[in-house]
Enquirer: 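Have a look at the structure that comes next, please.
Heavy atoms only: backbone and side chains are in, while hydrogens, waters and symmetry mates are out. Atoms within each ligand, like the ligands themselves, are counted from 1 in listed order.
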Amino acid sequence: MVNQSSGLVSRLQRGQPVRRTEISSLATFVPPRLLTNTDLEKMVDTTSEWIIQRTGIIQRHVVDPGVATSDLGKEAALEAIEQAGLTPKDIDLIVVGTTTPDMFFPSTACLVQHKIGATHAWGFDVAGACSGFNFSLSVASQLVAAGCHDHALVIGADVMSSIIDYKDRATCVLFGDGAGAVVVSAAKDPDLGIIDFAHEIDGSGGPALQMPAGGSLRPASAETVAQRLHYVKQDGQTVFKFAVRKTEDICRTILERNHLAANDVDLFVSHQANRRIITSAAERLGLDPCKVIINIEMYGNTTAATIPIALNEARETGRLKKGDLVLLASVGAGFTIGSVLLRWAI
Ligand code: UT7
């Protein structure tokens, strides 16, 4: 489908300054089925007490067989588009952050585009693991800022239960399934909206968190399946230490270069991988705990979906208001490191 956005010649090409962008709507979707700590106690050698103490997680949502990432993304997307006062045909671009695409190809963006009827959109997936939402938001925001597009749909969605080994107690207690979607549009108020992003990758951390088989290096075979190589493998402590240090680092970077202090932040929305990572990073930054949103207990680690799910919870519980300075931060497989700074615009 040919993209029909009126802004195909960007503001940059026309010699105009880039425009401020905003998140103009936010919606989330989690599958109804719950996987509780008590359920996991019956599946592996663990206790609910250990899981709560070491991670903060009490329950996660998981899909039923046959439900894929694009299905969760579709639900969140349709609601986000409606909230923005738009129809799917108004969407110019779809960027999906995911580690668990429905399949290698077509991309999840293509599958969502078809499912929601966004017939004027192009799009692609971003493999940023737990930074998938932050990375996707930044890319989409830049295309709207440059005037290439008016409305971009950004989705962070993962069906982690599809790549989790429910015989490995070190990983199966951590993850859940979910999706979040936002529409990114030109900012209505130039004082509100997306201010900046700071991202890094550090490929030396690859071995610490990966799914070893199923790609071009080790294509799926009877042997890779027998060796359980199509599941998440993690060196938890290495990832934990890196996540605490780099969450602090990236937040300092983005705050300092915008001449802001931690005190100025109204809401800190970190990737939800472990309660202890979030509280340690927030403490190191000197953030008041009441400015830190933690909802890992209800969802576990939903990878690219944690940030929109946490943002939405903050909004629904009255902890996020128009004009608030919001700091998003994430560290994940790769390693990927992300942060986005914004003034909440809705
Ligand atoms: O979003 C992607 C990024 N991922 C993360 O950010 C995750 C980062 N890592 C973590 O959150 C933590 O490292 C974990 C929650 C994964 C593990 O917590 P930990 O405090 O680092 O535990 P550990 O790996 O050092 O294991 C401590 C003990 C071990 O037993 P021994 O060797 O001391 O006897 C483990 O075998 O806990 C054991 N253990 C468990 N025990 C009960 C590991 N998993 C479990 C379990 N139930 N589920």
Enquirer: Using heavy-atom distances, let me know which of Phe335, Phe240, Trp50 sits nearest atom 40 (C) of ligand 1.
Expert: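 When every heavy atom of Phe335, Phe240, Trp50 is considered, Trp50 comes closest to atom 40 (C) of ligand 1.
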Enquirer: Out of Phe29, Phe175, Tyr299, which residue meets the ring-ring contact (aromatic ring centres under 6.0 Å, His included) rule with His61?
Expert: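 Among Phe29, Phe175, Tyr299, the one meeting ring-ring contact (aromatic ring centres under 6.0 Å, His included) with His61 is Tyr299.
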Enquirer: Check ligand 1 against His271 and write out every atom of the ligand that is under 4.0 Å from a heavy-atom position of the residue.
Expert: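 Within the 4.0 Å cut-off of His271, ligand 1 contributes 1 (O).
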Enquirer: Under a heavy-atom criterion of less than 4.0 Å, does Ile51 contact ligand 1?
Expert: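 Distance cut 4.0 Å: Ile51 fails for ligand 1.
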Enquirer: Backbone N or O of Ala170 within a donor-acceptor pair of the Asp168 side chain at under 3.5 Å?
Expert: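 At least one qualifying donor-acceptor pair exists.
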Enquirer: Identify whether the distance between the nearest side-chain nitrogen and carboxylate oxygen of Glu223 and Arg218 falls below 4.0 Å.
Expert: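 No, this pair does not count.
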Enquirer: Scan the protein's non-hydrogen atoms and note whether one is under 4.0 Å from atom 20 (O) of ligand 1.
Expert: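 Under the 4.0 Å cut-off, atom 20 (O) of ligand 1 does have protein heavy-atom neighbours.
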Enquirer: Are any side-chain N or O atoms of Arg169 and backbone N or O atoms of Asp45, one a donor and one an acceptor, separated by less than 3.5 Å?
Expert: yes
Enquirer: Which protein heavy atom lies closest to atom 3 (C) of ligand 1, and at what distance to 0.1 Å?
Expert: Val239 CG1, 3.5 Å
Enquirer: May I ask you to list the atoms of ligand 1 that are less than 4.0 angstrom from any heavy atom of Thr55?
Expert: 15 (C)
Enquirer: Which one holds for Thr303 and ligand 1: side chain close, backbone close, both close, or neither close, with close meaning a heavy atom under 4.0 Å?
Expert: neither
Enquirer: Short list, please: which atoms of ligand 1 are under 4.0 Å from a heavy atom of Val173?
Expert: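 Atoms satisfying the 4.0 Å criterion: 48 (N).
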Enquirer: Measure the acute angle between the ring planes of Phe242 and Phe335, then classify it against the limits of 30° and 60° as parallel, tilted or perpendicular.
Expert: parallel
Enquirer: Which ligand 1 atoms are under 4.0 Å away from a heavy-atom of Ala170?
Expert: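 So the answer, numbered in order with elements, is 44 (N).
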Enquirer: Give the atoms of ligand 1, by number and element, whose distance to some non-hydrogen atom of Asn274 is under 4.0 Å.
Expert: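 Under 4.0 Å from Asn274, ligand 1 has these atoms: 10 (C), 11 (O), 12 (C), 15 (C).
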Enquirer: Starting from Phe240 and following side-chain heavy-atom contacts under 4.5 Å between hydrophobic residues (I, L, V, M, F, W, Y), which residues can be reached?
Expert: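 Other cluster members: Val244, Ile277.
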Enquirer: Just need the protein heavy atom nearest to atom 7 (C) of ligand 1, so name the residue and atom and give the distance.
Expert: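 Atom 7 (C) of ligand 1 sits closest to the protein heavy atom Gln234 OE1, 3.4 Å.
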Enquirer: Assess whether a salt bridge exists between Lys291 and Asp266, defined as any Lys/Arg side-chain N lying under 4.0 Å from an Asp/Glu carboxylate O.
Expert: no
Enquirer: Salt bridge check: are Asp249 and Lys246 linked by an N-O gap of less than 4.0 Å?
Expert: yes
Enquirer: Have a look at Arg276, Arg169, Gln237, Met160 and point out the one with the heavy atom closest to atom 36 (O) of ligand 1.
Expert: Arg169
Enquirer: Could you tell me whether Ile201 atom CD1 has more than 12 heavy atoms of other residues or ligands within 6.0 Å of it?
Expert: no
Enquirer: Of all the non-hydrogen atoms in the protein, which one sits nearest to atom 16 (C) of ligand 1, and at what distance?
Expert: Leu174 CD1, 3.9 Å
Enquirer: Side chain, backbone, both or neither: which applies to Thr46 and ligand 1 if a contact is any heavy-atom pair less than 4.0 Å apart?
Expert: both
Enquirer: Which of the atoms in ligand 1, numbered in the order shown and given with their element, are less than 4.0 Å from a heavy-atom of Ile277?
Expert: 6 (O), 8 (C)
Enquirer: I'd like to know if atom 1 (O) of ligand 1 has any protein heavy atom within a distance of less than 4.0 Å.
Expert: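 It does: a protein heavy atom is found less than 4.0 Å away from atom 1 (O) of ligand 1.
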Enquirer: With sequence neighbours excluded, tell me which residues meet salt bridge (charged side-chain N to carboxylate O under 4.0 Å, His left out) with Glu283.
Expert: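 Testing Glu283 for salt bridge (charged side-chain N to carboxylate O under 4.0 Å, His left out), a comparison that skips the adjacent residues, returns none.
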Enquirer: Give the atom numbers and elements of ligand 1 that come within less than 4.0 Å of a heavy atom of Cys130.
Expert: 1 (O), 2 (C)
Enquirer: Give the residue, atom name and distance (to 0.1 Å) of the protein heavy atom nearest atom 9 (N) of ligand 1.
Expert: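 Heavy-atom neighbour on the protein nearest atom 9 (N) of ligand 1: Gly236 O, 3.0 Å.
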Enquirer: Evaluate the ring planes of Trp122 and His149, with Trp represented by its six-membered ring, and classify them as parallel (under 30°), tilted (30 to 60°) or perpendicular (over 60°).
Expert: tilted
Enquirer: Does the protein put any heavy atom within less than 4.0 Å of atom 44 (N) of ligand 1?
Expert: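 There is a protein heavy atom less than 4.0 Å from atom 44 (N) of ligand 1.
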Enquirer: Only one of Thr69, Thr98, Thr100, Asp125 clears side chain to side chain donor-acceptor pair (under 3.5 Å) with Thr108; which?
Expert: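 Option passing the side chain to side chain donor-acceptor pair (under 3.5 Å) with Thr108: Asp125.
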Enquirer: Just which atoms of ligand 1 are under 4.0 Å from any heavy atom in Arg54?
Expert: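 Atoms satisfying the 4.0 Å criterion: 20 (O).
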